[in-house]
Amino acid sequence: MKVIVVKDQAAGGVEGYKVFKNALDNGAKVFGLATGSTPVTTYQEIVKSDLDFSNCTSVNLDEYVGIAPDNDQSYKYFMQSHLFNQKPFKESFLPNGLAANPAEEVKRYDKVIDEHPIDLQILGIGRNGHIGFNEPGTARDVTTHVVDLTESTIEANARFFASENDVPKQAFSMGLASIMKSKHLILEAFGDNKADAVKGMIEGPDTVDCPASILQNHPDVTVIIDEAAASKLSKKY
Ligand SMILES: N[C@@H]1[C@@H](O)[C@H](O)[C@@H](COP(=O)(O)O)O[C@@H]1O
């Protein structure tokens, strides 16, 4: 695990951009993408740059179940507004939030991932060490799956929706087994609210209780964290 400690999230975005540029310059064609507040500065740096993804494929980590792609809270909408509108890909895959049969959609998405092996996957991390929507305790051999969101996640999202009924209760998520197949992984984390999760990921035991600790077994991971997220690490980087 290569650990880069930066001053703040803006500096983290520059480091994240450099990893994307290096991958593209070395022939990467398939990029695994994440949403949330963490990767925003990396996407901003990519949008400002002359990087060209028009011959590349993107595969997103997760999407809510039961949400329309044009809903401004969907992950599809997030990706379009933060990246795709300015830096289009030849093709971009996300789970279909409106799939009539989620079990069929899971199979479809697994096939998408099998047919488009990911060269570089960017990840954030939840405060409890989750990656994607793989919460603590998730089995490590799982590929794409439907997740019942935790109460805390539903409550955290409620503020973005008109009414409680509109808040998605489930999500499609790439599983840990799929994530680990990526050739190279970037995991970004910023802020002291991620310090415990970062410590568990890097220095903690390799356990299902901290989903991100699985990355200790991956041969090519770049961790980009700010000083606040690094604050509980015993080793100085
Ligand atoms: N499904 C997303 C994850 O992909 C994301 O990494 C995490 C942290 O979000 P943030 O980057 O906003 O802290 O939240 C959600 O659970």
Side-chain angles (χ1 to χ4, degrees), residues 6 8-10 12-13 15-16 31-46 58-67 71-79 81-83 93-95 97 106 109 113 118 120-138 142 144-161 167-176 178-180 182 185-202 210-215 221-226 228-231:
V6 293
D8 55 22
Q9 185 167 1
E15 290 304 321
F31 292 83
L33 301 176
T35 58
S37 59
T38 298
V40 168
T41 51
T42 295
Y43 295 144
Q44 284 168 350
E45 292 300 323
I46 289 171
S58 71
V59 180
N60 256 79
L61 203 51
D62 41 17
E63 177 59 280
Y64 289 123
V65 174
I67 198 163
N71 182 316
D72 64 5
Q73 292 307 310
S74 74
Y75 285 176
K76 172 84 179 281
Y77 189 96
F78 176 101
M79 290 309 307
S81 52
H82 285 88
L83 186 63
F93 295 100
L94 290 98
V106 158
Y109 210 64
I113 297 167
I118 293 173
L120 174 63
Q121 169 76 53
I122 185 169
L123 299 167
I125 186 170
R127 295 182 188 187
N128 60 2
H130 75 246
I131 43 179
F133 273 116
N134 295 291
E135 297 288 351
T138 303
V142 173
T144 306
H145 58 130
V146 174
V147 177
D148 292 326
L149 300 183
T150 59
E151 268 315 303
S152 62
T153 299
I154 292 168
E155 278 157 25
N157 290 341
R159 66 185 189 277
F160 301 121
F161 291 85
V167 182
K169 308 292 185 288
Q170 291 184 310
F172 293 106
S173 179
M174 277 171 70
L176 297 170
S178 315
I179 291 167
M180 288 295 280
S182 303
L185 292 159
I186 313 175
L187 186 135
E188 297 183 344
F190 306 111
D192 52 18
N193 65 355
K194 300 294 174 76
D196 288 325
V198 164
K199 182 170 180 63
M201 168 177 67
I202 297 175
C210 174
S213 66
I214 193 174
L215 301 182
V221 181
T222 301
V223 174
I224 300 172
I225 50 182
D226 66 2
S231 58

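Whatever order the structure lists ligands and atoms in, that order sets their numbers, starting from 1. Along the sequence shown, residues carry numbers from 1. A quick note: this is a predicted structure, and the numbers were derived from the prediction, not measured.
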What verdict does the side-chain hydrogen bond (donor to acceptor under 3.5 Å, both in side chains) test give for Asn157 and Tyr64, after you've listed the backbone C-alpha separation in whole Å, the side-chain angles of each residue and the deciding distance to 0.1 Å? CA-CA 11 Å; Asn157 290 341; Tyr64 289 123; 2.8 Å; yes
Supply the atom-to-atom distance [X] [atom1] to [Y] [atom2], rounded to the nearest 0.5 angstrom.
{"X": "Ile122", "Y": "Thr38", "atom1": "CD1", "atom2": "OG1", "result": "8.5 Å"}
{"X": "Gln121", "Y": "Met180", "atom1": "CD", "atom2": "CE", "result": "12.0 Å"}
{"X": "Ile67", "Y": "Gln170", "atom1": "CD1", "atom2": "CD", "result": "13.0 Å"}

Examine the proximity of ligand 1 to [X] and report which part, side chain or backbone, both or neither, has a heavy atom under 4.0 Å away.
{"X": "Ile125", "answer": "backbone"}
{"X": "Ala34", "answer": "neither"}
{"X": "Asp62", "answer": "side chain"}

Protein heavy-atom partner closest to atom 5 (C) of ligand 1 - residue, atom, separation in Å: Thr35 O, 4.3 Å
Looking only at protein heavy atoms, identify the closest one to atom 11 (O) of ligand 1 and say how far it is in Å. Thr38 OG1, 2.6 Å
Whether the side chain of Ser173 engages the backbone of Gly132 through a donor-acceptor N/O pair (distance < 3.5 Å, no angle test) should be reported. no
Does the Glu63 side chain pair with the main chain of Lys76, one donor and one acceptor, at a distance under 3.5 Å? yes
Check side-chain contact (heavy atoms from CB on, under 4.5 Å) between Asp196 and all other residues, then give those that pass, not counting sequence neighbours. Lys232
Under the side-chain contact (heavy atoms from CB on, under 4.5 Å) test, which residues partner Ser178, sequence neighbours left out? Asp110, Ile113, Thr143, Met174
Using heavy atoms and a 4.0 Å limit, tell me yes or no: is Lys194 in contact with ligand 1? yes
Any Tyr75 heavy atom less than 4.0 Å to ligand 1: yes
Please could you name the atoms of ligand 1 that [X] approaches to less than 4.0 Å, counting only its heavy atoms?
{"X": "Phe133", "answer": "1 (N), 16 (O)"}
{"X": "His130", "answer": "7 (C), 14 (O), 15 (C), 16 (O)"}
{"X": "Gly124", "answer": "6 (O)"}
{"X": "Gly36", "answer": "11 (O), 12 (O)"}

What do you reckon, does Gly132 have a nitrogen or oxygen under 3.5 Å from a nitrogen or oxygen of ligand 1? yes
Before signing off on this row, confirm whether Ser37 and ligand 1 have an N or O atom pair separated by under 3.5 Å. yes
Is the number of heavy atoms from other residues, nucleotides or ligands under 6.0 Å of Tyr77 OH greater than 12? no
